[in-house]
Number of protein chains: 2
Amino acid sequence: MGQVATIKDVAQRAGCGVATVSRVLNNKGSASAKMREKVMTAVKELDFQFSEVGRSLQSNTTRTIGCVVPSIENPVYADAVQGAQEVCLDAGYQMLLICTNYNAEMETHAIRTLIAKQVDGIILTVGDVQNSEGLDLIRSRTLPHCLLYNTAPAGQISWAVDDHAAGVKVADVFFENNHKHTGFVGLDFLSSDRARQRFEGFSQGCANHKMTPPALLEVGDNEDNLTPQLDAFLKRHPNITGIFASNDYRALATIRSARQLSIDVPRDMSIVGFDGIKVGQMIDPTLATIVTAPRKLGAGASQTILSMITGSTPLQLPLKEQTFSFRAGGSLMPLAAESKDGEKVAAFPPSDDQTYKKAKIQQERST
Amino acid sequence: MGQVATIKDVAQRAGCGVATVSRVLNNKGSASAKMREKVMTAVKELDFQFSEVGRSLQSNTTRTIGCVVPSIENPVYADAVQGAQEVCLDAGYQMLLICTNYNAEMETHAIRTLIAKQVDGIILTVGDVQNSEGLDLIRSRTLPHCLLYNTAPAGQISWAVDDHAAGVKVADVFFENNHKHTGFVGLDFLSSDRARQRFEGFSQGCANHKMTPPALLEVGDNEDNLTPQLDAFLKRHPNITGIFASNDYRALATIRSARQLSIDVPRDMSIVGFDGIKVGQMIDPTLATIVTAPRKLGAGASQTILSMITGSTPLQLPLKEQTFSFRAGGSLMPLAAESKDGEKVAAFPPSDDQTYKKAKIQQERST
DNA sequence: AATATAATTGGAAACGTTTCCAATGGGAGG
DNA sequence: CCTCCCATTGGAAACGTTTCCAATTATATT
């Protein structure tokens with residue numbers, strides 16, 4: 001960096017003290033018209049701009065908020081970060097972003113770094129809310145922070161999808177469409193708190209409707225060879241007619257694998273995903289899914305943080321039920337009414353495009 | 001923020017001067033064993049951590065690099081940012097992220113902000129390299145910076161896909177698969193420099209092979225009603241057998257619209273996309289596309305910036321041809337050899353799954 | 001014109017670091 | 001025991017701001 005002008009340079013050029021320059025530029029305190037003038041021209045000539053680091057040191061404030069998420073390669077987080085970032089920017093804050101790659105050690109390190117950088121607040125998604133070294137660090141400094149996509153521990157604020165309620169909703173939808181025997185495809189639960197919540201809600205919902213408890217297929221994060229696992233799974237549970245996948249990618253993978261096993265979606269099997277990624281509506285069949293609003297969650301987290309910082313009254317959290325909605329799609333169709341006995345084979349509607357379309361429309365109205 | 005301990009507190013508690021604390025903690029200069037000891041315990045007791053802002057003021061360095069991109073809702077940028085961020089983090093730098101939403105005013109403001117924040121370098125994607133106020137600001141301060149996804153102006157470094165060469169490659173691929181009459185679907189070019197480059201390369205490639213110049217379909221960013229536009233387009237150019245879409249989303253939309261027009265992909269029409277998004281391989285047919293490596297580009301940009309900062313020898317840019325590769329997929333299949341006359345209807349292979357599969361395999365080998 | 005009051009101004013301290021430099025102390029060698 | 005040298009140590013300045021406060025100047029009121 002070639003030498004940049006400081007407030008001293010401006011003062012010298014304008015022929016006044018630094019205090020005057022500061023007052024003029026910040027519109028704080030009094031200054032005569034001619035002084036204003038002189039300062040302004042000096043600023044122009046030197047192309048002066050305040051150094052935020054000098055300011056930060058003096059004000060004990062950085063106007064920066066930290067954001068810690070696992071990875072923005074996941075569009076859910078990317079969108080949330082974008083939403084959060086926009087709100088920050090509008091309020092004159094900048095965002096320091098750190099991705100942890102789902103690594104607890106990185107997470108702790110990231111938070112330590114943000115604390116050292118003196119951020120005014122932190123928005124974060126941690127791996128384990130109950131046991132997070134980073135979170136403890138934050139708490140011990142009473143630094144404003146707000147969780148994102150974590151289920152809030154008691155008395156804490158978190159902007160997150162209510163995974164459990166969403167799971168219940170999916171069970172409701174399957175029930176309304178006459179599917180009584182269902183399955184759940186998810187990543188092994190150890191690594192994902194959220195998938196577990198979805199499953200538990202789904203189980204609960206099935207129980208509410210006296211449906212068979214959902215069969216569980218846990219897969220590794222290796223999405224490629226889902227087909228053999230799905231095959232074995234469906235052989236074990238032959239009367240399943242509906243599958244809830246823990247996210248949209250997994251739902252797509254499931255559809256693909258089903259197709260490889262000559263199982264048509266939605267004729268032979270209905271699939272519901274989770275997240276509501278954009279492509280879900282661009283493919284055929286379109287993907288029925290729980291759609292979430294990551295941008296809004298991110299934006300909300302930012303607003304919460306900002307209100308904590310400014311001390312203004314904190315934003316109301318959305319109702320749990322408003323953190324998601326069901327979107328109908330071609331991957332889910334109602335089972336013919338006479339299928340209530342669960343005799344899957346007998347339940348197929350005739351293989352007729354018209355029928356399918358009607359079913360889809362009906363389905364769309366049901367939301 | 002409850003009062004945090006400063007170096008003075010540590011010094012007081014350890015019974016020494018601040019200089020000693022600084023020396024001990026930075027392992028710089030000499031210090032006796034017992035002093036080290038005392039300082040360390042004081043640090044533990046107070047849970048002390050250096051304030052980076054004090055440091056920054058003194059060292060005229062923030063160990064922060066700024067990153068300006070249009071939007072991380074676009075996975076291409078999200079991945080690039082993630083790659084860049086990781087490299088920065090590994091080098092002990094943090095990343096300040098600002099998304100401009102494709103808005104030139106925001107872009108300028110973002111850069112101004114980053115300069116005020118005294119970032120040590122900037123990675124940026126601008127809307128118009130030739131005419132960017134922000135870029136001028138950076139240049140006038142001789143601040144280390146590196147372009148990303150912009151075609152580099154003379155003498156500048158930019159980590160970007162060679163869109164032109166990629167366009168040529170797509171033409172090559174169509175040629176190898178006997179497609180002579182092609183089209184290009186892209187956003188109106190005013191807003192996207194890159195799409196234009198792709199089109200120009202594609203045209204060039206078609207010319208190289210003495211194919212008909214590609215027909216151009218410019219669509220608005222409203223992806224929903226592509227169908228009528230595609231219909232009109234194909235009526236105007238009835239013998240088109242291959243379409244190159246300016247990105248994967250548009251390719252998927254094109255496939256969907258084609259299907260609505262009862263045009264089967266790939267039987268009646270081959271489609272090639274651009275970007276190589278993940279879902280392209282999860283759908284049916286899989287999407288033939290130009291795959292790019294956004295993470296690598298982002299990481300490369302970071303390395304360039306870091307080497308500029310440290311003054312080490314700058315990383316070699318990748319060869320233009322290495323910034324992308326073609327990935328075969330089910331959405332592209334060869335036209336039967338006897339179709340060279342362009343008589344599309346006569347060219348259909350028999351509607352036989354086996355044939356399709358063979359065609360695909362052959363296609364995959366051709367890369 | 002003299003005084004009281006208000007507006008304007010600049011010096012200096014403070015924020016948390018690093019680093020220069022001078023001062024102190026201890027040990028070795030004479 | 002004296003001297004010299006080196007290791008250790010702390011005071012102070014500097015980095016770029018803001019803001020308190022005292023000093024100066026301008027304006028209003030008699």
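Residue numbers start from 1 in every chain, and the chains themselves are labelled A, B, ... in the order their sequence lines are given, proteins ahead of strands. Side chains included, hydrogens not; waters and symmetry mates left out as well; all remaining heavy atoms used.
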Establish, with yes or no, whether the OP1 or OP2 oxygen of [N] is under 4.0 angstrom from a side-chain nitrogen or oxygen of [X].
{"X": "S22(B)", "N": "dT17(C)", "answer": "no"}
{"X": "T20(A)", "N": "dG10(C)", "answer": "yes"}
{"X": "S30(B)", "N": "dT8(D)", "answer": "yes"}
{"X": "R23(A)", "N": "dT9(C)", "answer": "no"}
{"X": "S32(A)", "N": "dT8(C)", "answer": "no"}

Salt-bridged, K34(A) to E37(A), with N to O below 4.0 Å?
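Between E37(A) and K34(A) there is no salt bridge, as every charged N stays at least 4.0 Å from the carboxylate O atoms.
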Closest nucleotide among [options] to the [X] side chain:
{"X": "A19(A)", "options": "dT9(D), dT19(D), dT9(C)", "result": "dT19(D)"}
{"X": "K28(A)", "options": "dT17(C), dT18(D), dT19(D)", "result": "dT19(D)"}
{"X": "K8(A)", "options": "dT18(C), dC15(D), dG10(C)", "result": "dC15(D)"}
{"X": "V18(A)", "options": "dT9(D), dT17(C), dT18(D)", "result": "dT18(D)"}

Is the closest side-chain heavy-atom distance between H145(A) and Q156(A) below 4.5 Å?
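In short, these two side chains touch, coming nearer than 4.5 Å.
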Short of 4.0 Å, heavy atom to strand atom, which residues of residues 35-47 of chain B count as contacting DNA chain D?
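Those residues whose heavy atoms fall under 4.0 Å from DNA chain D, taken from residues 35-47 of chain B in numerical order, are M35(B).
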